Amino acid sequence: MKTAAANAAALQNDVRISSRSCWKDTIWHLDGIRPGVAPSNFSINWDFSFCEDRFTDAKWSAWCRAAKTFLWSLKIDPAPGRPTVEDTSLVRYFRTLRVLVRWMVSQGHRRFSDLDYQASQEFLTSVATRKTKSGQLVKVVTQQHYHQLLALLYLQSARYPELAIADPLPGIGTGGRAMNKGWIAYTPDAIATVLVSKALRLLGPPADDVIALQRKAQGLYDDGLASGRTQTKVGFDVVDEIVWFSFSTLPGEDAPWRTTPVTSTKDVRTLIQRIYEACFVTVAYLVGARLSEILGLQVGCIEHHPNAAGDEQFAYLIGRIYKTSKGRAGKAHRWVAPPAVERAVAVMEQLTEPLRRRTGRTDLWLAMASCGLVGPRPRISVPCGGTIILRLNESFAPFIDLPQHEGKPWHLNTHQGRKTFARFVAKRDRTGLHALQKHFGHVSLAMTDRGYVGTDFALGDLIDRHARDETRAALEELLTASALGGKAGRTIAGRSQFRGRTRDGEVQAYVDFLMAETDLRLGTCDWGYCVYREETSACHGNETGPNPVLRTESVCATCANFAVTGKHRPVWEGRRAQNAELLKQPALDPKSRELAQARITECDRILVQLDQDIVKHGKK
């Protein structure tokens with residue numbers, strides 16, 4: 001362990017914090033800037049105010065130095081067992097530290113050592129009563145940031161005496177991760193399916209229409225300005241020419257996808273932005289890249305490579321990973337790109353062509369701050385994450401009429417695409433995803449090909465975690481269900497010692513054993529579970545799992561691997577009702593009638609098995 005003297009020597013005024021800043025500077029400009037993040041998120045200003053003073057005033061110099069020591073030590077000398085923090089985390093810790101310092105000053109404290117256990121609890125209570133700009137109490141995850149700040153101060157004080165505070169969380173422990181923050185929410189299936197499906201709809205003829213509209217309007221605008229007319233006059237002339245622009249009617253629809261005329265250059269920019277957002281949603285949800293990785297893409301980022309057998313080509317999105325990279329330039333990476341993502345990239349290349357031509361840049365996601373056409377002095381840049389989130393929620397969601405979730409608008413953020421992608425890829429069956437099945441099927445095929453080389457290990461871990469969580473939940477349900485149908489379900493029903501019990505610690509321990517010590521593989525789908533064994537697989541699966549092409553309700557109903565619980569009852573009841581309606585059709589041919597009757601018989605057999613179990617356990 002380093003001595004206090006050695007640590008102090010490592011933090012002198014001339015120590016470089018970044019390529020632009022030294023320890024002694026009032027403002028630390030950090031180097032970790034990446035696409036999608038505002039520069040202010042990589043700056044730390046120690047000259048903040050409280051009461052009538054500033055933290056850089058001479059009277060606070062010792063405390064300011066201690067605060068700098070704490071923050072920088074998290075990066076160069078973290079407590080044993082803890083990783084060094086990234087620059088973005090460093091800024092977050094500074095912001096919570098600033099709140100702590102201001103609160104301590106308001107309570108009459110003058111150094112970190114004044115923070116005893118009682119003061120720590122008072123501070124945490126104060127944090128819990130803070131309100132956001134919208135007047136809501138801060139969320140639990142925000143409160144956890146402050147718990148973690150105090151825990152880190154306590155840990156660092158073992159090597160830096162000027163940071164010494166009393167243990168703020170006695171009996172809880174501060175090693176490793178101080179708080180279990182859980183998952184950032186994925187987008188619920190019902191929301192994600194509509195979101196991505198409608199984004200894909202916009203990437204068809206609507207995108208072609210908007211590209212043509214932009215080309216016409218921008219061309220007229222450029223010509224008008226070149227002739228010496230004013231921007232206002234040229235704007236009116238452009239609108240006169242495009243007001244009757246004809247929008248396409250999509251296949252299967254009775255009217256054009258946009259029926260209102262274009263009455264201003266702002267309308268043109270609005271439509272460009274909606275297609276831009278549709279492209280972002282498509283890439284985020286069908287590739288699984290982070291925000292910085294998406295916004296860092298350049299023109300020409302699609303490449304094609306053969307599979308291991310050499311008989312098929314897969315498209316890849318070529319970019320860079322920034323979060324886990326040591327340098328600012330990031331680490332080269334390629335993600336599997338289904339055709340919809342290829343289309344999104346092609347659309348963006350055309351949409352942003354005027355902006356790239358004006359700036360000489362090759363960024364794919366350039367955007368303009370103004371709301372009309374590209375004028376003489378446009379403000380052009382890659383947007384930050386906050387701008388994307390604002391546009392997704394306040395503009396794109398209403399534009400596509402995104403449904404509510406549990407009676408409230410679902411709040412989209414830029415990381416949900418990655419989480420949802422991992423969850424969808426991890427799903428054993430994607431029947432409930434409707435139009436998205438083929439896109440995720442394409443990605444899964446490419447990612448499991450022997451020729452695929454992926455270095456986004458965090459994404460792989462995320463997919464594996466979703467798969468494990470799904471398997472665990474399914475096993476617990478199968479072991480404790482009072483009613484089970486299907487051949488494997490009947491076998492489990494006769495053997496499980498946990499039937500009808502709650503999911504207690506004993507059940508969870510047994511599931512842990514099954515997942516860790518056996519080669520059990522469990523597939524899930526909308527109509528049941530597959531306790532998979534290749535040798536008894538009716539769908540002729542292989543060593544990797546069930547055959548997704550041949551796997552249907554009828555095939556599963558005859559399979560020795562198949563199990564059904566009460567949660568799948570609505571699927572079988574709905575299937576029975578659908579086929580019963582078919583039998584009422586007088587024009588139904590004999591072969592179709594025979595097939596419908598066979599399906600009703602399958603459904604009845606499953607439903608009777610579930611009903612028998614319910615009666616046997618006295619619940620009917």
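Hydrogens, waters and symmetry mates are skipped; everything else that's a heavy atom, side chains included, is used. Since this is a predicted model, take the numbers as computed values, not measurements. For reference, positions follow the sequence shown, starting with 1.
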Give the C-alpha distance, both sets of side-chain angles, the deciding distance and a yes or no for salt bridge (Lys or Arg N to Asp or Glu O under 4.0 Å) between Arg54 and Asp57.
CA-CA 5 Å; Arg54 306 195 76 82; Asp57 290 349; over 6 Å; no
I'd like to know if Arg159 pairs up with Asp77 as an ion pair, taking the criterion as any Lys NZ or Arg NE/NH1/NH2 lying under 4.0 Å from an Asp or Glu carboxylate oxygen.
yes
Please test Lys59 against Asp53 for salt bridge (Lys or Arg N to Asp or Glu O under 4.0 Å), starting from the C-alpha separation and ending with a verdict.
CA-CA 9 Å; Lys59 64 186 290 187; Asp53 294 340; 3.3 Å; yes
Which of Lys75, Arg92, Arg34 passes side chain to side chain donor-acceptor pair (under 3.5 Å) with Asp87? Answer is Lys75
Nearest heavy-atom contact between Asn41 and Val91 is O-CG2, 3.1 Å
For side chain to side chain donor-acceptor pair (under 3.5 Å), just list the numbers for Asp47 and Thr26, CA-CA rounded to whole Å, side-chain angles, deciding distance to a tenth of an Å, and then say yes or no.
CA-CA 6 Å; Asp47 191 39; Thr26 299; over 6 Å; no
What is the ring orientation for Trp28 with Trp46, classed by angle as parallel under 30°, tilted 30 to 60°, or perpendicular over 60°?
perpendicular
Do Leu124 and His147 come close enough that some side-chain heavy atom pair is under 4.5 Å?
yes
Who pairs with Thr270 by side-chain contact (heavy atoms from CB on, under 4.5 Å), at least two apart in sequence or on another chain?
Lys266, Arg274
Side-chain donor-acceptor pair present, Thr352, Arg356, cut-off under 3.5 Å
yes
Go through the steps to decide whether Ser18 and His29 satisfy the test side chain to side chain donor-acceptor pair (under 3.5 Å), and finish with yes or no.
CA-CA 7 Å; Ser18 67; His29 297 288; over 6 Å; no
Output yes when a side-chain donor or acceptor of Gln156 lies under 3.5 Å from a complementary backbone atom of Ala79, and no otherwise.
yes
In terms of relative ring orientation, are Trp60 and Phe50 parallel, tilted or perpendicular, with 30° and 60° separating the classes?
perpendicular
